Amino acid sequence: MATDTLKSTPGASGASGGLRRLLLDNGALTALIILVIAMSALSGDFLTTDNLLNIGVQAAVTAILAFGVTFVIVSAGIDLSVGSVAALSATVLAWTATSEGVPVWIAVILAIATGIACGLVNGVLISYGKLPPFIATLAMLSVGRGLSLVISQGSPIAFPESVSHLGDTLGGWLPVPVLVMIVMGLITALILGRTYIGRSMYAIGGNEEAARLSGLRVKKQKLVIYALSGLFAAAAGIVLASRLSSAQPQAAQGYELDAIAAVVIGGASLAGGTGKASGTLIGALILAVLRNGLNLLSVSAFWQQVVIGVVIALAVLLDTVRRKAGATPVTAGAGGSSGLKGPQAIKYGLAVVLVAAIVGGLSLFNNGSSSSNPKVGLSLSTLNNPFFVQIKEGAQAEAKKLGADLTVTDAQNDASQQANQLQNFTSEGVDSIIVNPVDSDAAGPSVRSANKSDIPVVGVDRGVNKAETAALVASDNVEGGKLGAKALAEKLGGKGKIVILQGLAGTSASRERGAGFAEGLKAYPDIDVVAKQPADFDRTKGLDVMTNLLQAHPDVQGVFAENDEMALGAVKALGSKAGKSVQVIGFDGTPDGLKAVKEGTMYASVAQQPKELGRIAVENALRAADDKEVEKTVKVPVKVVTSKNVDEFTG
């Protein structure tokens, strides 16, 4: 049957040869064992039941996506669209079941059909349109994400309660996502090892022309292969949205790279012809263990990306070394590959016993952090924005002052990644958690988990929905939007044409600031909003979007940007017009934004006090950890900063 089990060529003998073959032929498993041992030694919080279950949950979505991608890579293809297809499928389910009133079971079928349809489109473009897989699936990546945003109007959609149970646990301890991952893994192994289409994948990946000449209908087989990838992507999207209790239009961004990495780390070759379900699962677990362990060790999210990149490179290097050493894949139909038999079963059994003995011994000597200082976890939505960097700085200064150990994580505007980080804080047993949610609804399930563990949670800048928080420390984004509208309208004399640069679709900050600005403009009917376009809180995108808008609206007189980064991009696009014929207002009061206000290129910034937000959040988190009384809502004032008062504002 079809398999990719590697068999070394004769020549190596004795104990050293056996060890060499074990390491070369099971490199991913060896790496996973070493990682588990290393993380157990470095962190006493790693080897706990709760944390190991967390790792399983965190690996689930990547693994399910990667199982689908395995089919494609085995056949020497590539699928870059699985992340977008996952988001689109989940959005279709949530939209049809809520907004359109479709029965949930039909909505689930429609979501799965959406994934299959996207895969079929990829297959048609590749098989009959003769497009390279990279180009075809890259196009679907954009189309899928765009349709997700169109359907949801850029805002998260609450997931049906009956489907949300997929993100829960059975018996109060066994996570459903882990069970789904195991089932999908078994299905993958069955397809690859026991079916005609599985054998066809290996044949096509090994030599497509030879497969065609031997009678395989390669074009039709590719349709099935990419349809399977789309189906697995839909399943992953449903599981991911269930964990977050909402379909996020921006969910699973970049997950296609994690899925491909898991397959490659698991021993598959991008040249095709090799790959198996167990290897893909191990690859996904390696990525999850790395992220989880590095979180527990308080390693920067930026360095985590570096480490994961190095691991991927080493995995490919190992594949090259393995092939040069004489290991060759067993082709479809060759014997000796059906499950774990004989010596192979003994190898895996010994590996399990070995790792259990080592980590068990380590657990006797490593019972957690020895620090007596209170431990606080801070999960920020992103550190790719000066505003949130200032929140971090204010929090770190206050933690140092009060003698607390503060761990800061960066969710990179990914609600799923933030859910993982919050779960890691909970399993680590921190004294309190501070969260700046990527999305208020999506953070709810993870915060509820912390509630069950009696860990107080403080929201900063944005609140958490459907969960208990000890306090919310925030500026009033809606009021800030109103102030921005009033300042811009008055500067323009109550009339004129303006454009709005919107933030990242689906984020509460963008929604609230935009709603406040729209409400404030109602008092100025002669102000005409000629365009609204998202620029994702990013300066470069702000520059590009504003440049494009100027082509259509060269007579624009004002710009409202939902943060200073986009405003600064708009200033760059406007050139000499900025601060003269066109007035620009930003939001946040970042150092660069205030500098532009002082120079006159920006008229104003609706300034928050991010360092104060961070400081007060830590103060309240430690009070809540000590069971002291805290205010449920702490409002930090916002103000409109212009050139007249910019010297008085410190942030």
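Bear in mind the structure is a predicted one, so any value in this text is a computation, not a measurement.
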**Request:** Would you please test F517 and K482 for side-chain contact (heavy atoms from CB on, under 4.5 Å) and show each step?
**Result:** CA-CA 5 Å; F517 189 80; K482 292 178 181 177; over 6 Å; no

**Derivation and outcome, side-chain contact (heavy atoms from CB on, under 4.5 Å), residues D626 and R623** = CA-CA 5 Å; D626 290 336; R623 288 181 61 84; 6.0 Å; no

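- Side-chain contact annotation: N420 with N292, donor-acceptor N/O pair under 3.5 Å absent.
- Pairs of residues two or more places apart, or lying in two chains, that qualify as side chain to side chain donor-acceptor pair (under 3.5 Å) and include a residue from residues 628-640 are E468-K632.
- With salt bridges taken as basic N to acidic carboxylate O contacts below 4.0 Å, one links D588 and R513.
- Taking 4.0 Å as the cut-off between side-chain N and carboxylate O, D544 and K572 do not count as a salt-bridged pair.
- Residues satisfying the salt bridge (charged side-chain N to carboxylate O under 4.0 Å, His left out) test with K400, not counting sequence neighbours, are none.
- The distance from the OG atom of S475 to the CG atom of N477 is 7.0 Å, given to the nearest 0.5 Å.
- In the model, T426 has no side-chain atom that pairs as donor or acceptor with a side-chain atom of S449 under 3.5 Å.
- With N373 contributing its side chain and D405 its backbone, the two residues share no donor-acceptor pair below 3.5 Å.
- Applying the salt bridge (charged side-chain N to carboxylate O under 4.0 Å, His left out) rule to E599 yields no partners; only residues at least two apart in sequence or on another chain are considered.
- Sorted by first and then second residue, the salt bridge (charged side-chain N to carboxylate O under 4.0 Å, His left out) pairs with a member in residues 471-481 form an empty list; sequence neighbours excluded.
- Applying the salt bridge (charged side-chain N to carboxylate O under 4.0 Å, His left out) test to residues at least two apart or on different chains, none of the pairs has a partner in residues 442-462.
- To the nearest 0.5 Å, the span separating OG on S605 from CG on D564 amounts to 3.5 Å.
- Atom CG of N451 has more than 12 neighbouring heavy atoms from other residues, nucleotides or ligands inside a 6.0 Å radius.
- A salt bridge does not link D410 to K392: none of the charged nitrogens lies less than 4.0 Å from a carboxylate oxygen.
- A donor-acceptor contact closer than 3.5 angstrom links the side chains of S379 and Q418.
- Using a 4.0 Å cut-off between charged nitrogen and carboxylate oxygen, E619 and R615 count as a salt-bridge pair.
- Applying the salt bridge (charged side-chain N to carboxylate O under 4.0 Å, His left out) definition to pairs two or more places apart or across chains, those involving residues 416-436 are K375-E428.
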